[in-house]
2 protein chains.
Amino acid sequence: MDDAPAETELSELESEAVALFVRLVQLLGLPKSIGQIYGLIYISPRPLTMDDIVSRLGISLGSASQGLRQLRTLKAIRVTYIPGERKDHYLPETEFRKLFANFIEDQLSPHIEVGRDAIDHMTRLAESSSEADAIHYRARIDKLRRLHSIAGRLTPAIARFINF
Amino acid sequence: MDDAPAETELSELESEAVALFVRLVQLLGLPKSIGQIYGLIYISPRPLTMDDIVSRLGISLGSASQGLRQLRTLKAIRVTYIPGERKDHYLPETEFRKLFANFIEDQLSPHIEVGRDAIDHMTRLAESSSEADAIHYRARIDKLRRLHSIAGRLTPAIARFINF
DNA sequence: TCGTTTTTTCAAGTTTTTTTGAAATAAGTG
DNA sequence: CACTTATTTCAAAAAAACTTGAAAAAACGA
C-alpha cells in the first residue's frame with residue numbers, strides 16, 4: 001500500500017549525531033556503519049526499524065543487519081516489541097558506563113589474557129638463556145610485566161571512573 | 001666487504017616480543033609493522049640500524065623508514081649516534097608512561113577536541129528546534145556532554161594511573 | 001666538492017576489511 | 001498451513017589500509 005521508499009534526508013541534528021558516533025567507533029576500531037546506525041538510533045525520539053535505518057542512512061540491508069547484530073552483541077541497542085507491528089524496533093542503550101564496560105569485556109580483556117601468557121613464555125626463554133645479555137632481557141621483560149599488571153588494573157578502574 | 005645479507009632468524013624471545021607488540025599496536029589502531037619494529041628494538045640489547053630491522057624482520061626499506069619515522073614522532077624510539085658509524089642507530093623509549101602520554105596527546109586529544117565542537121553545534125540545533133521532540137533531544141545531548149567531559153578528564157587520569 | 005652510503009618519498013601493488021545484493025531462512029498473520 | 005513480510009547469510013565487489021621497490025634526496029666522509 002505504501003511503496004514510496006521513504007528516503008527522507010537526515011536532519012542536521014541527525015547528521016551531527018551520526019558523524020559524532022562514526023568518529024567515536026572508528027577510534028575504537030569498529031566499522032563506520034556501526035557508528036552510523038548507533039548514532040541514528042541514539043538521537044531518535046522513537047525506536048527505529050531496520051528499514052528506517054536502511055532508507056535514512058542509505059546503506060544496504062546486509063550492512064544494516066550485520067551492524068544491528070554487532071550492536072546487539074555489544075548490548076548497545078535492544079529490541080522493543082511494538083504491538084501490532086511486525087518489524088523489530090530498536091532502542092539505544094544510553095548508559096555509556098555500561099557500553100564501555102561491555103566493550104572492555106568483549107574487545108580488550110581477551111587480549112590482556114593473551115599478553116600474560118606471552119610474558120610468562122618470554123620469562124622462561126630468558127631464564128634458560130645464560131648469555132651475557134640475560135640481565136638485559138630480564139629487565140626489559142620485567143618492565144613488560146609491570147605494564148601488563150597496570151593494564152589489568154586499569155580497565156576496571158576506568159569502569160569505576162565512568163560511574164558518574 | 002661484507003655482502004652477506006645477514007638474514008639471521010629471529011630468536012624465539014625476539015619473536016615473542018615482536019608478536020606481543022604487534023598485538024598491542026593493533027589494539028591501538030596502528031599498523032602491524034610499527035609493532036614489529038618497536039618490538040625488535042625494545043628487546044634488543046643494543047641499538048639497531050634500519051638495515052638490521054629490514055633484514056631481521058624481512059620487511060621493505062619503505063616500511064622500515066615510515067615505521068621508524070612514526071615511532072620517532074610518537075617518541076617511542078630515539079636515534080643514538082655511534083662514533084665512526086654512518087648509520088643511525090635506534091634505541092627504545094622504555095617508559096610506557098611517557099609512551100602512553102604521547103599517544104594520548106597525538107592520537108586521542110584531537111578527536112576529543114572535535115567532539116566538543118560537534119556537541120556544541122548539536123546543542124544550538126536542538127535549541128532552535130521548537131518541536132515536541134526538543135526535550136528529548138536536549139536530554140540525549142546532555143548525556144553526550146557528560147560523556148565528553150568524562151573523556152576529557154579520563155585521559156590525564158590514565159596518565160597519572162600509569163605513573164607507578 | 002665528489003663519490004658513496006643512507007634515508008626518504010611516493011606511485012603502484014597487495015592484502016585486509018567492509019559493504020553490497022540476492023538468495024535462503026525465519027517469523028508473523030490470517 | 002499458506003502467504004506475506006522481515007531478517008540473515010555469504011560470495012563477490014568495493015573500499016581502505018598497508019607494503020613494496022625504485023628513484024630522488026639527503027647526509028656523510030675524504
Side-chain angles (χ1 to χ4, degrees), chain A residues 1-6 18 21-23 25-41 47-74 77-90 107, chain B residues 1-6 18 21-23 25-41 47-74 77-90 107:
Chain A
M1 195 137 275
D2 90 302
D3 46 37
V18 167
F21 281 103
V22 166
R23 282 198 301 273
V25 302
Q26 306 226 96
L27 216 56
L28 300 176
L30 301 172
K32 184 181 154 190
S33 61
I34 297 285
Q36 294 179 281
I37 298 169
Y38 182 79
L40 189 62
I41 294 176
L48 298 179
T49 64
M50 186 158 87
D51 224 55
D52 293 333
I53 287 160
V54 167
S55 62
R56 312 261 347 259
L57 294 175
I59 64 177
S60 67
L61 260 180
S63 256
S65 173
Q66 291 177 195
L68 287 168
R69 171 165 37 159
Q70 192 165 351
L71 285 166
R72 280 191 316 257
T73 302
L74 289 167
I77 59 173
R78 61 193 173 77
V79 179
T80 189
Y81 295 98
I82 295 189
E85 300 256 354
R86 274 178 92 158
K87 298 176 183 178
D88 287 343
H89 288 64
Y90 294 96
Q107 320 279 310
Chain B
M1 196 140 275
D2 90 304
D3 48 34
V18 167
F21 282 103
V22 165
R23 282 198 300 272
V25 302
Q26 307 227 95
L27 216 56
L28 300 175
L30 301 172
K32 186 182 154 190
S33 60
I34 296 285
Q36 294 180 281
I37 297 169
Y38 182 79
L40 188 61
I41 294 176
L48 297 180
T49 64
M50 186 157 86
D51 224 55
D52 293 333
I53 288 161
V54 167
S55 62
R56 312 259 351 257
L57 294 175
I59 65 177
S60 69
L61 260 180
S63 256
S65 173
Q66 290 176 195
L68 287 169
R69 169 162 42 155
Q70 194 164 350
L71 286 166
R72 279 192 315 258
T73 301
L74 288 168
I77 59 173
R78 62 192 174 79
V79 180
T80 189
Y81 295 99
I82 294 189
E85 301 256 352
R86 273 180 94 157
K87 298 177 183 177
D88 288 344
H89 287 66
Y90 294 96
Q107 320 278 310

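Keep in mind it's a predicted model, so treat the numbers as computed, not measured.
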Nucleotide dA27(D), atom C1' - distance to CD1 of Ile82(B) in whole Å: 17 Å
Report yes if the side chains of Lys32(B) and Val25(B) come closer than 4.5 Å at any heavy-atom pair, otherwise no. no
Between the protein and nucleotides 18-20 of chain D, list every N/O to N/O distance that falls short of 3.5 Å.
unit_1  : atom_1 : unit_2   : atom_2 : d
dT19(D) : OP2    : Ser33(B) : OG     : 2.9
dT20(D) : OP2    : Ser60(B) : N      : 2.9
dT20(D) : OP2    : Ser60(B) : OG     : 3.1
dT20(D) : OP2    : Ser63(B) : OG     : 3.4

Nearest-nucleotide wise, let me know which of Gln26(A) and Lys87(A) is further upstream toward the 5' end of DNA chain D. Lys87(A)
Distance under 4.0 Å to a non-hydrogen atom of chain B counts as contact; along DNA chain C, which nucleotides mark the start and end? dT4(C) to dC10(C)
Atom CG of Asp51(A) and atom P of dT8(D) are separated, to the nearest Å, by 13 Å
Heavy atoms, side chains only, cut-off 4.5 Å: are Asp88(B) and Tyr81(B) in contact? yes
Whole-Å gap separating P (dT7(D)) and CD (Gln70(A)): 18 Å
May I ask you to test the Ile77(B)-Ile37(B) pair for a side-chain heavy-atom distance under 4.5 Å? no
Nearest-nucleotide comparison on DNA chain C, the residue closer to the 5′ end among Thr49(B) and Arg86(A): Thr49(B)
Pick one: which of Thr49(B), Ile53(B), Leu48(B) meets side-chain contact (heavy atoms from CB on, under 4.5 Å) with Asp51(B)? Thr49(B)
Check whether any side-chain N or O of Ser65(A) sits under 3.5 Å from a backbone N or O of Leu61(A) as a donor-acceptor pair, and report yes or no. no
Remember a base hit wins even if backbone is also touched, and classify Asp88(A) as base, sugar-phosphate or nothing at under 4.0 Å, heavy atoms. sugar-phosphate
With heavy-atom distances below 4.5 Å as the criterion, would you say the side chains of Tyr90(A) and Leu68(A) are in contact? yes
Pairwise distance CZ(Arg23(A)) to CD(Gln26(A)) - rounded to 0.5 angstrom: 10.0 Å
Looking at side-chain heavy atoms only, is the closest gap between Asp52(A) and His89(A) below 4.5 Å? no
